[in-house]
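The block underneath contains the structure these notes are about, expressed in structure tokens.
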Amino acid sequence: MTESQTSTTEGSATETFEPLIITFCCNWCSYAGADLAGTSRLQYPENIRIIRVMCSGMVHPNLIIEALSKGADGVLMLGCHPGDCHYLDGNLRAQARVEAIELLLDDLGIERERFRLEWVSAAEGPRFVEVIKGMIKQIKEVGPSPYKQ
Amino acid sequence: MISLTIDNRKIEVEEGLNVLQAAGKLGIKIPTLCYHESLKPYGACRVCLVELIWPRSSNIQASCVFPVQEGLVVRTNTERVLKTRRMMLELLLARCPDVPRIKEMAREMGVKESRFTKKNDGCILCGLCTRVCQERMGVGAINFINRGSDRKISPPYDKYSEICITCGACKVVCPTDAVDLSKVTLNKPKSIKSEFDANLAQRSSIYIPYPQAVPKVPVIDRHTCMYFLKDVCKSCENFCEANAINYDQKDETKELDVGAVILSPGFELFDANLKQEFGFGRYPNVISSLQFERVLSASGPYLGQILRSSDQKHPRKIAFIQCVGSREVDRNYCSSVCCMYATKEAIIAKEHEPDLECHIFYIDLRAFGKGFEQYYERAKELGVKYTRCRPSAVREVPATKNLILSYYPDDSEEKKDEEFDMVVLSCGLNPPAGARDMAKLFNVELNKDGFCRTGKFTPVETSRSGIYACGPFVEPKDIPETVMEASGAASKAMGLLTEARGTLVAKREYPAEKKVEGEEPRVGVFVCHCGKNIGGIADVPSIRDYAKSLPNVVYTEDNLYTCSSDTQKKIKDMIKEHNLNRVVVASCTPRTHEALFRNTCREAGLNPYLFEMANIRDHNTWVHMKEPEKATAKAKDLVRIAVAKARVLEPLQNRFLKIVHDALVIGGGLSGMSAALDLANQGFTTHLVERTGELGGNMKHIYYLVDEKYEPQKELLSIIEQVRNHSHIKLYLSSNVKTIEGSMGNFKTTVETQGGDVEFKHGTVIVATGAEEYKPKEYLYGQDSMVITQVQFEEKIARQLLSKSPGSNPSSKKQELVATSLPAGQVGNPDLGSVNSVTMIQCVGSRDKEHPYCSRICCSMAVKNAMKFKKLKPAADVYVLYRDIRTYGFNEVYYRQAREAGVIFLRYKDDEKPEVARTNGKLTVTMNDPILRKKIALNTDLVVLSAGTAPIPGNEELAKKLKVPLNQDKFFLEAHMKLRPVDFSTDGVYLSGLAHSPKNVDESIVQSCGAASRAATILAQDIIELDAIVSEVIDANCDGCAYCIDPCPYHALILTEYMKEGSIKKTVERDLALCKGCGVCQATCPKAGIVVNNFKLSQLMEMVNATLEPQE
């Protein structure tokens, strides 16, 4: 839980539940898409914290497991659309790991819905916002992380 | 400095500010109507009321006219303040019940209805207009007149002002849009149209010319700025917090010594005003294609919404009219790009609004570029309508401003009138304004249309040596060809400047790097206000103070602009003063500013990789503008996460690659030879590998060009001669590339020659392996000797010309050349003596299911051969059966000439291919003529098939060796279709000629020179510096499981073994030159045996943990 959430998580649990979602953005497409959302002044809820990586393909499954087992309510991984990867096919490698990650989540009793992989290009500011809002909605439905400290 | 408290927040501000300004610095917004930064406050509207809290009392004051005082306590949102403001709004609303801004403000404050008597006025008497006119413009054309309820704004004596300068400042500042200049003066105002928005929008006198401007800073238009015109205003100075406005900048004249000049002034769009029949300029909803491009743009006049100019409504039906200012008697050329840009605009428009109807009216649809035919097909699938008809005029329906077009739908006899909401004119490309002056200045020739004259075999050389030209200044062309030509011109210039290469480069010196290994992290955090972009929303001082509380942070400060040069210096000073060994900047995005700050660190002796950024603007204040508290809290989180990573950052050294200066060119056709010659002329040893026994490739079969002044075989012989005799070219004939190892700067290649294998090292590769003529399976080809291809036809004509030229001297040089180049074996019927009618069929092996691409050159080739044959036998019948004639650019001239010479062009429909049959010894071609709507049969002596260009079968094998991709059609695929047309995505490997896509002689030469130019950017360097963000094998952790090897997209990893303490240790080795740092290996490794520097799993883990850290 972070500072911005302390005020809102007090009170009745589900009504005011504001999830914390760690978002891995690749440097070339989705991070730029997030920048574009900013430049275009598109407004979205503040529930996400973006961690920049060079490619969605570099995000180790352990990183996702660590985040979710230490209390993140959700993890969103954003990469370039297939065919657009700056590193030829790093994004497809990321996609190939999704199933393994989901199995690991099952083992830990973490809902699969807490993790999601999506493609957002550098030109898709509106889509970035749409994906973020969708993920927040999804996590709100799942509820707070059982691992929340 | 004066300290005061506003809404329980303390702030220190300079003396002389008012309470409204002080609140602004805290990001507290106080509503106001009559306050303006560049004018003296006046306190007229009374909306900015605040409550001043004194020890024993409080009172309500207009904040804009109350100066700050030491210890002042201000409340901006007490019930008393809000109640009084509501009363003010009620009064204003009574006066101006219909002004949107007042209504909106009233609604926001909870005022629904005014209890006072309504008066229908637009003016709230705030006096902004009179103040700006007097204070800023020094004119005083308007002022308050009368008293009491009759008070109003007017010119003196209520008469038209004669002194008004129509600057429009009064209109701009008016909060209620109540100023009507036509009631103030009879002087005519001039609106300033935005050039970038193609006059669809207005701009101010100080403006950023376009969103991608470099540098992206505003400029002042001296022709419209009131300061430059009348020595008044200077308002912008007041707004600029960075004090960056400089009115004293002057144009400078600089003298440069140069060895070569490249002219690339671009083009100008055809002025649609010259086509009055389409109503451009008269009918608001007829716009040019460039204007429509702006309409579609998110940064355009309607922010990406498709709206009509007349009523700002969404159109439902748009018509595009092609060839406006192209393919006509005055401008007898095709602009080459309009068919595709219209298609693109139609697709994008439909993406914006799927129900929109887009209807393109064209003559021939010229989708001849790489991938264009498929794009055109996609447009049709998406529902873009294409009609082959050119409407002759556009009429407007006055009531609706809709537009009526008359046309014949799809070859029908019935004329149809159709109403459209909007018409887009696909305007052609003209030579740039000023081209004639430029030509005069540089003493270069232009052609009759005003484009720069160059040669087919010297496509970037102007008529004056040392001066080169590129882009649409030479001929209308698309982006890829422009980029190729630009590189080609650079290559030619570099050939002249070889000796001077690198002599003007100033090397940047950096201080010695200080050692930080083993030191406790000492982090400095710099938080940026970014003017009001961050500071206007989030509480920057509190973010700064929070940063101070984080572990290892020893220094913090906040800056108005952290990227300004004075702050850069400050950062360097602080690194030294506080012995900082990590720097965090919390500001904007690393994608634009990381390089700048890394360089700052480096200049202060700190390793540039000990820097981290927190993006608290693009990802925070800009996207949470209405939640300042949440934005502040999130910014703190982002700073904490950045500091967590900074603490574990490690110094990294950039990689240095030694470059082998030799080049490899694969393919000895026109492209390969042109590339090799350019490289050799620049001084690089070039290995030229040709699989056949002789140089020349497809060029050997070109005996004449449509422009008769050229002698292709003579040119070819001269090029072959130069290649053979060049001291820097090593030629390998009848040879094949066997293996290529290594990467940019350091390739090692084995070539299989007749004399055995040869191995050499080189720094770059150019692929120029060409293509071949498609071998037709259709139209009796191969079965009937009188059915031949265009290449075979050309050979026959050349032979016939040779035997026919009466009284010619058999030893004439020209004849000799043609004679020697003609093949010994003869194709089909030996001569054309008995041939009196020829029927050509276009698109054989192009634009069909098997070959979905357009072969680009066949239309021009058919025109060329048809004209040549007509010249040989003027009485002969020549028919060309086509789908679209794609004689783009200046080839259009010859299409017209061919028709004038009597060549008959007959169109057949895509799904009604002609049929060729031989019955009773007669060759007959039958087809459906869509215009006559009849089946016609042509008895013909000869059928010539315009066979397409096919990729060579060897492409796949070579692509594998080079690890580069092919496209669906099996041509080589470049790194970027538009912007990097000669590069592969693999560094150090380039592409040219037919191996890329079908193209003609000059285009092949251009691309080859472009490829040579791109290769030379690598070869000219001794050492190349590469980013340090690459993977690193941790040998101690690696157990040689090899999981990482296959996924690596760059094949940069190999499994090796070595002896360790008497046993075999398996480990992975990483090729530094191949690795690009994507980190796929890192995510695959179960043992942390391979990591990516700067993005190590452990470093990312710190960031995750910092994100989840519980906060007080």
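Here is the naming used below: chain letters follow the sequence lines, and residue numbers restart at 1 for every chain.
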Specify the closest pair of heavy atoms between B:Pro590 and A:Arg52, including all atoms of both residues, with the distance to one decimal.
-> CG-NE, 3.6 Å

Spacing of CG belonging to B:Asp637 relative to CZ belonging to A:Arg49, to within rounding of 0.5 Å | 4.5 Å

B:His619 side chain to A:Ile50 main-chain N or O, any donor-acceptor pair under 3.5 Å?
-> no

Which residues, numbered in order, of residues 86-95 of chain A come under 4.5 angstrom of chain B by heavy-atom distance?
-> A:His86, A:Tyr87, A:Leu88, A:Asp89, A:Gly90, A:Arg93

Where does A:Ala32 contact chain B at under 4.5 Å (heavy atoms): side chain, backbone, both or neither?
-> both

Please look at B:Lys645 and chain A and tell me whether the side chain, the backbone, both or neither of the residue comes under 4.5 angstrom of a heavy atom of that chain.
-> neither

For B:Asp545, what residues pass the side chain to side chain donor-acceptor pair (under 3.5 Å) criterion, not counting sequence neighbours?
-> none

Check each atom of B:Asn1105 against the heavy atoms of chain A and say whether the ones under 4.5 Å are side chain, backbone, both or neither.
-> side chain

Quiz: residues 1074-1086 of chain B side-chain donor-acceptor pairs under 3.5 angstrom, not counting sequence neighbours:
residue	atom	partner	partner atom	Å
B:Lys1076	NZ	B:Asp987	OD2	3.2
B:Gln1082	OE1	B:Val1092	N	2.7
B:Gln1082	NE2	B:Phe1095	O	2.9
B:Thr1084	OG1	B:Val1080	O	2.5

Do any of residues 34-43 of chain A have a heavy atom less than 4.5 Å from a heavy atom of chain B, and if so, which, in residue order?
-> A:Ala34, A:Asp35, A:Ala37, A:Gly38, A:Thr39, A:Arg41, A:Leu42, A:Gln43

So what's closer than 4.5 Å to chain B heavy atoms on A:Phe24: side chain, backbone, both or neither?
-> side chain

Check whether A:Val53 gets within reach of chain B through its side chain, its backbone, both or neither, counting any heavy atom under 4.5 Å.
-> both

Lys/Arg-Asp/Glu bridge criterion (N-O < 4.0 Å) met for A:Lys70, B:Glu1109 = no

Proximity breakdown for B:Glu594 and chain A, heavy-atom pairs closer than 4.5 Å = side chain

Measure distances from B:Leu638 to the heavy atoms of chain A and classify the residue's part below 4.5 Å as side chain, backbone, both or neither.
-> side chain

